[in-house]
Amino acid sequence: MHSPYSLGPPPNKRLDGCNCNRITSLFPSVSITDIGCNSHSEFEAGNRDYPSIPDFIFRFLPSSSPDFSQFFPFQISTSSSGEEPCYAGVPMSSIVEQGLGVGDVISLLWFKRSLPRYCTKFIEICIMLCADHGPCVSGAHNTIVTARAWKDLVSSLVSGLLTIGPRFGGAIDDAARYFKDAYDRGLTPYEFVEGMKKKGIRVPGIGHRIKRGDNRDKRVELLQLFARTNFPSVKYMEYAVQVETYTLSKANNLVLNVDGAIGSLFLDLLAGSGMFTKQEIDEIVEIGYLNGLFVLARSIGLIGHTFDQKRLKQPLYRHPWEDVLYTK
Ligand SMILES: CC(=O)SCCNC(=O)CCNC(=O)[C@H](O)C(C)(C)COP(=O)(O)OP(=O)(O)OC[C@H]1O[C@@H](n2cnc3c(N)ncnc32)[C@H](O)[C@@H]1OP(=O)(O)O
């Protein structure tokens with residue numbers, strides 16, 4: 001009787017050796033003749049005409065087989081094996097012909113699906129608005145100091161990126177996590193904020209060094225305007241605004257910051273677009289996809305700061321000693 005594995009085309013000549021022995025041990029129902037090896041003596045002679053394990057799996061094992069995916073520890077959605085690369089199955093030519101943008105590419109590569117245009121436009125606005133915030137913020141400062149030490153582009157870039165974290169640009173995921181949990185549990189802003197205070201945790205997405213209740217962050221306003229105009233629902237964002245109203249009653253610097261705006265609005269995108277199951281939303285929030293938006297965006301600005309320092313041939317940075325309090 002024919003094994004189901006023997007239905008594929010005959011193996012091509014391969015350079016990576018005969019794996020008959022390993023294939024037959026991985027798949028006990030496969031005989032060496034199924035995969036084109038005529039005898040063990042050929043196998044023992046190290047005949048190189050027979051399929052490699054990946055070749056065998058691709059060509060002989062049905063992709064519906066429960067065994068299939070376990071043999072691919074690197075599972076990717078960018079295919080480079082055909083005539084042109086594909087992102088999550090969408091060929092590059094189609095991406096270009098349809099006039100898609102970087103938001104669409106992110107939706108294909110990160111979320112593995114084509115999202116509606118208002119979603120990909122929102123992603124693009126996040127990236128544009130977070131690309132730079134001047135030279136004085138943590139990331140740009142580090143990058144500038146490194147570039148002025150005449151380090152290369154990659155070193156300058158990563159020295160800035162490494163400052164992204166809970167206090168600077170890296171609070172988007174936590175903002176999404178905490179706002180989602182509080183909203184889904186029906187907590188009032190008072191219960192949420194005071195509960196966080198009892199736990200000794202600052203509310204992620206709230207607070208700014210410079211911005212105040214009477215000097216709002218323009219980026220937040222722009223994101224809110226776009227979402228209110230284009231999203232089917234902004235319930236998480238409205239909840240974050242209610243939290244902000246409460247925190248502003250405590251201190252004038254406790255505004256909804258750009259991390260909090262992106263975090264809450266991305267929850268609205270995930271929940272309102274109808275493109276994600278509840279389980280997928282929970283997984284995205286748990287894994288933490290959203291800080292990636294800030295990392296990607298700010299890389300644009302940090303690269304610009306590196307080029308500025310090199311073009312202007314800036315000398316080695318030395319911090320003014322007047323700032324330093326020398327103690328014993
Ligand atoms: C692009 C961006 O980087 S946006 C910022 C992303 N980060 C966050 O959202 C994390 C949460 N926020 C924070 O940690 C802060 O608000 C920061 C780091 C953003 C700004 O902090 P600063 O302006 O330096 O405020 P500072 O640390 O001096 O705090 C002032 C007071 O406000 C309180 N406070 C500040 N932020 C919060 C917050 N998110 N929740 C509750 N209380 C807060 C502090 O406890 C402090 O009060 P205390 O002195 O009685 O303890």
Side-chain angles (χ1 to χ4, degrees), residues 122-144 157 159-183 187-224 226-227 236-237 239-267 285 288-305 323:
F122 175 75
I123 292 173
E124 284 164 10
I125 292 174
C126 290
I127 289 168
M128 290 189 291
L129 295 181
C130 295
D132 195 28
H133 203 203
C136 302
V137 299
S138 311
H141 182 83
N142 259 23
T143 286
I144 289 168
L157 171 63
S159 75
L161 288 178
L162 288 173
T163 65
I164 295 176
R167 293 191 175 179
F168 170 64
I172 309 179
D173 283 313
D174 271 344
R177 282 183 196 122
Y178 280 106
F179 284 138
K180 182 172 187 307
D181 179 67
Y183 178 88
L187 297 185
T188 64
Y190 170 84
E191 289 168 332
F192 171 47
V193 174
E194 295 305 325
M196 294 290 277
K197 191 173 174 188
K198 273 196 197 123
K199 286 186 246 169
I201 304 172
R202 288 183 175 192
V203 181
I206 293 286
H208 201 277
R209 271 258 108 133
I210 306 290
K211 297 297 169 189
R212 296 286 179 267
D214 49 4
N215 172 27
R216 297 300 177 92
D217 190 329
K218 191 72 190 166
R219 298 170 298 178
V220 172
E221 292 178 343
L222 289 167
L223 289 166
Q224 289 174 327
F226 179 84
Y236 286 107
M237 189 268 278
Y239 181 71
V241 170
Q242 288 172 27
V243 169
E244 178 193 45
T245 305
Y246 178 68
T247 53
L248 278 176
S249 72
K250 293 165 75 85
N252 202 23
N253 71 317
L254 297 183
V255 291
L256 181 66
N257 60 41
V258 73
D259 286 19
I262 294 176
S264 57
L265 281 170
F266 226 96
L267 292 174
V285 171
Y289 277 46
L290 307 180
N291 286 345
L293 289 171
F294 190 89
V295 171
L296 177 66
R298 194 50 60 94
S299 295
I300 300 171
L302 298 180
I303 290 171
H305 284 295
D323 278 358

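Heavy-atom basis, side chains included; hydrogens, waters and symmetry copies ignored. Both ligands and their constituent atoms are indexed starting at 1 by order of listing.
- Of the candidates K197, R202, H208, R219, the one placing a heavy atom closest to atom 29 (O) of ligand 1 is R202.
- Near L254, with a cut-off below 4.0 Å to any heavy atom, the atoms of ligand 1 are 34 (N), 35 (C), 36 (N), 37 (C), 43 (C).
- Ligand-side atoms of ligand 1 in range of F168: 3 (O), range being under 4.0 angstrom from any heavy atom.
- In this structure, E194 and K250 have side chains that are in contact, with non-hydrogen atoms separated by less than 4.5 Å.
- Listed by chain and number, the residues in a side chain to side chain donor-acceptor pair (under 3.5 Å) with Y236 are D184 (sequence neighbours excluded).
- Checking atom 47 (O) of ligand 1 against the protein gives no heavy-atom contact under 4.0 Å.
- Within the 4.0 Å cut-off (strictly below), no protein heavy atom is located near atom 51 (O) of ligand 1.
- Remark: atom 27 (O) of ligand 1 lies closer than 4.0 Å to at least one protein heavy atom.
- Nearest residue to atom 30 (C) of ligand 1 from I201, V258, N253 is N253 (criterion: closest heavy atom).
- Between the N291 side chain and the G170 main chain, a donor and an acceptor come within less than 3.5 Å of each other.
- When only modelled atom types and interatomic distance are considered, Q242 and Y183 share no side-chain donor-acceptor pair under 3.5 Å.
- When the options T163, L302, L161 are evaluated for a side chain to side chain contact (heavy atoms under 4.5 Å, CB included) with N142, the one that passes is T163.
- Residue contacts with ligand 1 include G169, since one or more of its heavy atoms lies under 4.0 Å from the ligand.
- Numbered from 1 in the order shown, with element, the atoms of ligand 1 that lie under 4.0 Å from a heavy atom of G205 read 8 (C), 9 (O).
- The A171 neighbourhood of ligand 1 comprises atoms 6 (C), 7 (N), 8 (C), 9 (O), with distances under 4.0 Å to a heavy atom of that residue.
- Less than 4.0 angstrom separates atom 9 (O) of ligand 1 from at least one non-hydrogen atom of the protein.
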Candidate pair R209 and V137, rule side chain to side chain contact (heavy atoms under 4.5 Å, CB included), full reasoning | CA-CA 10 Å; R209 271 258 108 133; V137 299; over 6 Å; no
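- Atom CD1 of I300 is separated from atom CG of L157 by 11.0 Å, given to the nearest 0.5 angstrom.
- Using a 4.0 Å cut-off between a side-chain N of Lys or Arg and a carboxylate O of Asp or Glu, D214 and R212 do not qualify as a salt bridge.
- Nearest protein heavy-atom neighbour of atom 23 (O) of ligand 1: R209 CA, 3.3 Å.
- T247 contributes a side-chain N or O that, together with a main-chain N or O of L254, makes up a donor-acceptor pair within less than 3.5 Å.
- Of all protein heavy atoms, the one closest to atom 40 (N) of ligand 1 is V203 N, 3.0 Å.
- The single protein non-hydrogen atom nearest to atom 6 (C) of ligand 1 is D259 OD2, 3.3 Å, given as residue, atom name and distance.
- Using cut-offs of 30° and 60° on the angle between ring planes, the pair F192 and Y239 is tilted.
- The nearest protein atom to atom 19 (C) of ligand 1, hydrogens excluded, is given as G207 O, 3.6 Å; this is a heavy-atom distance.
- Each of the following atoms of ligand 1 lies closer than 4.0 Å to a heavy atom of P166: 7 (N), 8 (C), 10 (C).
- A search for salt bridge (Lys or Arg N to Asp or Glu O under 4.0 Å) contacts involving R202 returns nothing, not counting sequence neighbours.
- With hydrogens left out, the protein atom closest to atom 11 (C) of ligand 1 is I206 O, 3.4 Å, a heavy atom.
- Listed by number with element, the atoms of ligand 1 under 4.0 Å from a non-hydrogen atom of N257 are 4 (S), 5 (C), 6 (C), 8 (C), 9 (O).
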